[in-house]
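Right, one structure below, let's go through it.
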Amino acid sequence: MFVILMLIFVLQTIWLYIKELAGKDLDIIVVAKFLFYFTPKLIPLVLPLTILLASIMVFGSFAENYEFAAMKSTGISLQRSMAGLSIFIVVLGITTFFFSNNVIPWAEINSYNLRKNIAKLKPAMAIAEGQFNEVMDYNIKVANKHGDRGQFLDSVVMHKKTGNGIGNYTTIISKTGELIGNEDSDVLKFILYDGYFYDDSPPKDPKERLRHPMTKSFFKKYTINIDLSGLNQGDLEEKNISDKYNMLNISDLNYTIDSLEIALDNEYSEFATSLYNRSNLPVLNVGVNTKKDTVFNGDVLSLFSNRKKVQLLDMAINATKSSMQIVEIKDKHFLDKSIWLNKHIIALHEKLALGFACIILFFVGAPLGALIRKGGIGLPMVIAILLFLTYHFIGIFAKNSAKDGSLNPVFAAWFSTLIMLPLGIYLTKRATADRGLFEFDHITEPLKKLVSSKIVKSKGDSETQSAELKLEPEVKKTFIALYRNYKSISRITIIFYGFGLISLILFFVFRNNKLPEFAEISIQLSVISWIVYVIYFFQERWAMSKILNLIQTKLFIQGVIPTLLSLVFYPVVYYFRRNKLKDVLPES
């Protein structure tokens, strides 16, 4: 199962990075290295899902084949049957911690640097279509490549980078071009036809910069030679980046977190001191001789002349605006620093939480399999995927919230695991007591009383009618038409209830993941769905009342509170009402 899931995720990885691998003349060894380095990073996804799915399948198969019944007849409890596997899972969790602490950072370093070096050494067979390609000092984009070797280019756009890296001031645009290169040469030649050359490089003289000079020229043919010798001297095995948070083990993360916290505290202190000094409070009373025991209750500005008042107010307004601008800039800077620090904290605790997640998901899957009593790939696969997606997405939402400080980063790393812990305890207790997965009697019984009552005869007979009502032929035709109308309206009602609920959930999902456009669409769909649902809800009650008046039977309680409860819990009302109708109405 682990191998199958790993292959699925590896194929997904190939699809995700196909743009970086395809069309770059990479040999099979480089591609194999890329996949080999990327595979360990999939373990935090594949291993918990494997444990959850395997435990559901194994224990579900035991229950389906009455193996647990045989074990209980010999005095073997569920906990005893789980004991051996529990020890194995604990050992696996400890092994997973060491794997995530040592192997995954090593794989992160190698995969990241390999991707970076591939981008440098194999620049998309020189140029790839429809995207900007960084080739030495130029960023190049072409709309089309054609010819037997793809040497002819259409709609060429080139930006030349500046040496100081401040900006790109030179732009070259041409209708067509030709790419000429030789395997034995380090020079890549671009011949451009029918284009324009733009240059708005700022002059060194500050006064000349205010004029915003720009050079524009037209050319019929323009040749650019790019020296690729610097690229070809690189090495795919070079590893010069190793300080990202997902490339560090626990000891390195502890050291880095401590350094980042100290640096952030120092920046806060320096910024506070800078703001204090900008307020001129330290030198406010310098050179001012004040008398003791004097009190002034008037307006301070009245002590100055009108000219001084204007100057003081102007200085105060300018100082306030300047300070506010500095605070806004620094706020963004401190937010970026906090996000970077929180990412390190999350990475540290994720290494610790992964092992515990494997153990907890086993204690979710094993009793769940014993309760559903179904083995194989079908139902266990569906349940395992739903549970794992819940676990995984809760973790993603928590980490996204923790990055900007909305949620404590330590709590965010453990949040999804802590959510699964009570579920594991609950399922284990129920499986041990040999009880059903869920028991809703304390909820369903009051609702049954709410949506149904005893069948009352129309002519005052105190006896209860039989389970099947006897209708006259003409009345039966009317009833069939009304019942079909009720069924169609009730289906539309339950569908729009589901649309409204799902759209509302998606609104919170998209909002928490900073997708405001999708969140706005979801909330609009939700509002529309709820409005339509409410309209059809009352139409459904009206259709039901016609049926009940026809057969002179009462199946739900009238009133404001029952109506509001039915409006909120409509799926439950829908289910019980349809079943009750099947019980009391003729088979036709």
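These values consider heavy atoms only, across backbone and side chains, with no hydrogens, waters or symmetry-generated copies.
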Donor-acceptor pair, [X] side chain versus [Y] backbone, under 3.5 Å?
X: Ser61; Y: Val58; result: no
X: Ser526; Y: Gly500; result: yes
X: Lys175; Y: Ser155; result: no
X: Asn102; Y: Phe98; result: yes
X: Asn342; Y: Pro409; result: no
X: Asn266; Y: Ile262; result: yes
X: His344; Y: Trp340; result: yes

Quick one: [atom1] on [X] to [atom2] on [Y], what's the gap to the nearest 0.5 Å?
X: Ser174; Y: Ile224; atom1: OG; atom2: CD1; answer: 8.5 Å
X: Leu192; Y: Thr176; atom1: CG; atom2: OG1; answer: 8.0 Å
X: Ile257; Y: Asp252; atom1: CD1; atom2: CG; answer: 11.0 Å
X: Leu92; Y: Ser86; atom1: CG; atom2: OG; answer: 12.5 Å
X: Tyr193; Y: Ile191; atom1: OH; atom2: CD1; answer: 4.5 Å
X: Leu407; Y: Lys399; atom1: CG; atom2: NZ; answer: 12.5 Å

State, with a plain yes or no, whether a side-chain heavy atom of [X] is found less than 4.5 Å away from one of [Y].
X: Ile51; Y: Ile89; answer: yes
X: Pro367; Y: Phe59; answer: no
X: Lys351; Y: Pro105; answer: yes
X: Leu47; Y: Cys358; answer: yes
X: Glu261; Y: Leu341; answer: yes
X: Leu352; Y: Ile250; answer: yes
X: Met420; Y: Leu361; answer: yes
X: Thr417; Y: Tyr391; answer: yes

So does [X] have more than 12 non-hydrogen atoms from other groups sitting under 6.0 Å from [atom1]?
X: Lys330; atom1: NZ; result: yes
X: Phe197; atom1: CZ; result: yes
X: Phe88; atom1: CZ; result: no

Exercise. Please step through side chain to side chain contact (heavy atoms under 4.5 Å, CB included) for the pair Asp154 and Val142, ending with a clear verdict.
Key: CA-CA 6 Å; Asp154 295 332; Val142 299; over 6 Å; no

Quiz item: In a check of ring pair (Phe, Tyr, Trp, His ring centres under 6.0 Å) between Trp530 and each of Phe499, Phe496, Phe507, Tyr497, which one passes?
Solution: Tyr497

Practice problem: Output, in order, the C-alpha distance, side-chain angles, deciding distance and verdict of side chain to side chain contact (heavy atoms under 4.5 Å, CB included) for Ile43 and Phe99. | Solution: CA-CA 9 Å; Ile43 295 296; Phe99 185 88; 3.4 Å; yes

Quiz item: Passes side chain to side chain contact (heavy atoms under 4.5 Å, CB included), Ile172 versus Tyr222? Steps please.
Solution: CA-CA 10 Å; Ile172 305 169; Tyr222 185 72; 3.9 Å; yes

Practice problem: Check the angle between the aromatic planes of Trp106 and Tyr37 and answer parallel, tilted or perpendicular using the 30° and 60° thresholds. | Solution: perpendicular

Exercise. Give me the ring orientation class for Phe393 and Phe397: parallel if the planes are under 30° apart, tilted from 30 to 60°, perpendicular past 60°.
Key: parallel

Quiz item: Can you check side chain to side chain contact (heavy atoms under 4.5 Å, CB included) on Phe356 and Trp414, steps first, answer last?
Solution: CA-CA 9 Å; Phe356 285 96; Trp414 291 90; 3.5 Å; yes

Quiz prompt | Close aromatic pair by centroid cut-off 6.0 Å: Phe334 and Tyr268 | solution = yes

Quiz item: For Ser55 and Gly365, which heavy atoms make the closest approach, and how far apart are they?
Solution: OG-CA, 3.2 Å

Quiz prompt | Distance-only donor-acceptor check, side chains His159 and Thr171, under 3.5 Å | solution = yes

